[in-house]
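Notes follow the structure.
Each chain gets a letter, A, B and so on, in the order its sequence line appears, and its residues count up from 1.
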Amino acid sequence: MAEHHSNPPHLAEKFLSWYCKPELLEDLQGDLNEYFYRNLKTKGVRRAKLIYIIDVLKFMRLYTIRKPEFVNTLINWIMLGSYVKTSARSIRRSPLFSTINIIGLAISMAVGLIMIAVLNDVFSYDTFHTNKKEIYRVISRYSYRGNQDNNFMATTSLRAARLIEESVAASNGIAILRRDFEGDFTAGDKTIPLQGYQTNPGLLQVFSFNLLKGNPVTALKEPFSLVLTESAAAKLFADEEPVGKVVKFNDRDYTVTGILQDLPHFSHMRFDILGSLSSRETSEQQIKEDSKWDNIWNAWVYLRLSPETDLQSIKTTFDRISIKEDSTTKDTRIELDLQPLGEIIAGDDLGNQIGPVIGSLTLWIFGALTFIVLLSAGFNYTNLSIARSLRRTREVGIRKVIGAMKSHVMGQFIVEAILISLIAVGLATILFLILKPYFIGIEPEIQQLFKLELTPILLLYFIGFALLVGLLAGLFPALFFSRVNAIEVLKRWYPMKGLGKIGMRKALIVFQYTISIIFITATVISYKQYKNYIGFNLGFNTENVLNISLQGNKAELLKKELLELPEVTGISQSAMVTSIGNYWGTPVKHPSNLEDSSWMAYNYIDENYLTLHNHKLLAGRNLTPLPDSARESEVIVNEQILKKYNINLAEALDETLIVDGKELQIVGVLENFVYGRSNDVNQKKEVLFRYSKTNTSILNIRIQSSDLIGTVSKIETLWKELDPVHPFEAKFYNEQIEEAFAGLRASVSVAGVLAVLAIGIASLGLLGMVVFTTETRLKEISIRKVLGAKEVLLLYLMSKNFILMLALAAAIALPLTYLFFDQVAFPNMANHAPIGIVDMLLGVSCIVLIALALITTQSWKIARSNPAEVLKSE
Amino acid sequence: MKGTNLGEFEELVLLTIAALINDAYSVAICDELEKNTGRAAKLGVVHAVLNRLEEKGLVKSKLGEATNTRGGKRKRYYSVTNAGKAALLKAKEVRDNLWRMIPGMTLKNV
């Protein structure tokens with residue numbers, strides 16, 4: 001049997017020495033060992049070990065267990081002052097290392113602080129509802145002909161809401177919010193645009209919105225009742241008493257029955273105004289619409305369940321409802337489920353959210369990146385602390401000789417790390433305040449979601465975070481130094497072999513650089529994708545086109561004014577803006593096959609649209625202008641439609657299509673263009689252009705001017721004269737395309753910032769290491785020089801190792817990044833730009849240049865030093 | 001402290017220590033007890049008793065030299081203190097007195 005098998009079980013030994021009183025320990029260990037070796041002979045290894053373990057456990061008695069060492073703890077407390085003092089001295093003694101540590105930590109902690117503030121905000125959402133733990137949202141998943149959607153929708157059909165209200169007995173109230181209750185509300189002579197929902201009285205029972213005036217039970221009961229928030233009421237009525245007054249919306253009169261306190265910022269649903277859902281029951285058409293099982297796109301439904309409800313049984317009820325109702329809709333199945341209120345803001349990525357949310361995936365990714373940056377800064381600390389071990393081990397040795405115990409030495413080094421980390425968190429808080437506006441400004445959604453206010457609680461979290469970071473960063477050096485053997489250290493003047501843990505330090509540096517290279521290369525590649533998407537050849541011209549949202553105004557009036565501006569070279573009208581991720585669909589049939597109806601994308605345009613946007617007509621002509629009242633008779637199609645119906649280009653103009661029930665003559669064929677978005681998987685969509693001025697709500701204005709901003713402000717002045725109520729909403733087409741990729745842009749910015757931070761931290765760490773190694777090799781270099789070594793050779797000698805580490809980091813990072821994009825990211829991205837060799841090497845060469853500059857300047861300084869000066873002192 | 005009254009097992013352990021003279025350490029005590037009484041003496045129990053006896057001041061202990069047999073750990077040797085000797089003598093005296101009160105015949109028939 002092997003030697004190590006016949007030793008007592010290690011863990012049990014450790015356990016014994018942990019719990020046993022020191023004065024009893026040796027004897028006990030000895031006895032147990034003696035028995036163990038005796039048992040080894042008579043009973044075999046296994047039994048002997050087992051008996052040993054059992055005996056160790058049996059020895060846990062009152063008289064053997066070590067008392068908590070109050071004295072020791074007390075000493076640690078008394079020594080705390082001394083630790084702080086020596087730490088401060090040590091920080092001052094090596095300003096360069098301290099600065100590197102503090103700045104590196106501060107930068108990474110600033111990112112950590114943003115993460116903490118974000119999490120703090122995320123967990124603040126919807127906490128003002130008294131019954132927050134009991135509220136669930138009903139979500140639904142749509143499948144058509146067996147094709148199930150990947151994600152649930154946050155919305156549900158009103159029919160489902162009614163059925164749930166009747167069948168779920170455990171329900172303590174149901175809140176229903178239906179969308180499309182927004183627009184211009186008029187009170188007296190004032191018209192204000194407001195946003196809100198039609199809702200049932202249950203809303204005020206389920207949620208804890210504070211009704212200041214009115215009766216919560218009846219306020220939303222009667223048709224055409226209205227509840228306003230305080231600020232909306234102030235806008236509409238100024239100082240007058242609003243309750244009982246009449247507000248006009250869509251030509252109907254609504255009576256104000258209640259006033260709500262303004263919603264807290266941290267509410268996942270936001271509104272200015274609530275109308276009673278019962279208003280819909282006054283219209284035949286709306287009743288019909290609301291009774292459809294598959295109309296799941298328009299209403300949000302929330303349930304309050306008593307705490308002891310079995311969610312599984314609710315799900316069973318839902319499934320029963322689904323099975324019954326699915327029979328009323330052909331080919332369509334709808335699955336219902338529950339989502340807890342607390343998981344709405346940072347939960348699964350559902351479609352049709354009621355307001356902005358941050359997906360859990362985003363949070364996880366951001367969290368992981370933050371962690372990596374923090375880790376990198378922590379490595380700097382560990383690395384530099386241990387690198388300086390030569391000087392510190394002596395100190396520790398003397399401490400130990402004087403009587404410091406392991407725990408005291410550990411305490412000292414942890415206090416030092418915590419001190420540095422506290423200084424760093426101070427700096428990081430300032431950085432946090434500076435970075436906050438930039439972070440919030442990355443994307444409009446972030447602005448809506450987060451406040452990142454520096455509250456006392458948050459400050460407390462920050463300090464706790466600093467303590468944790470300090471503890472973790474200091475733990476390894478502390479363990480390392482506490483193990484120092486005093487006699488060994490004091491006997492020799494040179495560091496013990498293996499003391500520096502060179503291998504581990506190198507590994508840490510390689511890790512830091514690998515991360516930096518991955519970050520920067522990923523940023524470069526993603527930026528290239530973003531550029532590729534926004535500069536994509538869409539098939540028509542979007543340059544200098546300003547899209548103005550009419551917001552209900554008459555197009556003709558504005559057009560007349562605009563045409564008088566010399567900068568405006570053309571105006572057209574359309575119903576929607578294509579290529580920015582909007583999809584409008586209409587059912588289309590070919591007369592030869594009336595059974596087969598397909599959904600096709602379309603847009604309503606006027607006669608100027610195609611020329612203004614330089615759409616290419618392959619055959620035929622433009623649409624003929626029609627008066628508003630005329631019947632629609634013409635359509636322009638794209639190539640893809642011809643392909644779908646197997647029509648030759650030459651014969652296309654003889655064909656008709658049945659669009660939305662109307663038979664329309666094809667009068668022109670357009671070259672294919674990108675209808676949805678440049679990153680759509682299927683870019684070759686069937687697209688129709690139909691003529692209508694009544695259905696358009698957007699003016700497309702082509703501007704030719706050297707001062708675009710000035711022209712836009714001129715147009716804005718015109719707008720304000722025409723419509724003082726609505727704010728001017730206009731954007732350049734190219735801006736809108738950029739906004740369609742705002743998510744990608746935001747990721748690129750975040751990744752870019754993190755890349756810069758990671759590089760900064762890694763460079764700081766490298767600088768520290770280079771300074772350290774060159775300084776310790778000062779004597780060696782001097783002797784070499786005296787013996788005749790060339791400066792260039794010395795430079796090579798000193799830089800070789802670092803350059804090898806960089807090369808290793810690049811060799812790990814580049815294939816990883818390439819694989820990530822090639823295998824993970826690109827399969828989910830249509831029309832991505834290829835990864836070029838330049839993209840791969842751009843970031844690396846940046847990093848290598850910085851690193852080389854660091855290495856060579858330091859090494860050069862040493863190589864140039866006068867050997868006489870150095871050796872003289874010996 | 002419970003005073004100097006000895007329990008039965010305590011008395012046995014104390015006697016064994018006295019009998020072993022210079023070689024009285026825990027494992028040896030266990031072995032000796034097992035040999036003489038015929039019943040298994042558990043190390044944990046003996047340890048607890050030794051600890052108690054030391055607390056009562058009836059034995060004293062010192063660490064010996066390290067040996068290979070115990071994984072380099074030193075043995076703790078016990079010896080009976082004067083108080084211990086007095087306690088043993090007192091216990092013997094109590095018994096002897098009681099024995100003397102028993103007429104010789106009664107037990108001889110066993």
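The greatest number of non-hydrogen atom pairs below 4.5 Å with chain B, out of A:N33, A:L25, A:D31, A:L24, is found for A:D31. Interface remark: of the candidates A:T64, A:L28, A:L32, A:L62, A:L28 forms the most heavy-atom pairs closer than 4.5 Å to chain B.
For A:D27, the parts lying under 4.5 angstrom from a heavy atom of chain B are both the backbone and the side chain. A:E13 does not touch chain B: none of its heavy atoms, backbone or side chain, sits under 4.5 Å away.
Of the residues listed (B:V49, B:I29, B:N36, B:L33), the one engaging B:L12 in a side-chain contact (heavy atoms from CB on, under 4.5 Å) is B:L33, and it is the only one.
Here the closest heavy-atom approach between residue A:G403 and residue A:H408 is recorded as O-ND1, 4.5 Å.
Taking the ring axis of A:Y35 as reference, the NZ or CZ atom of A:R38 stays within 45° of it and closer than 6.0 Å to the ring centre.
Ring planes of A:F481 and A:F413: parallel class, angle under 30° (limits at 30 and 60°).
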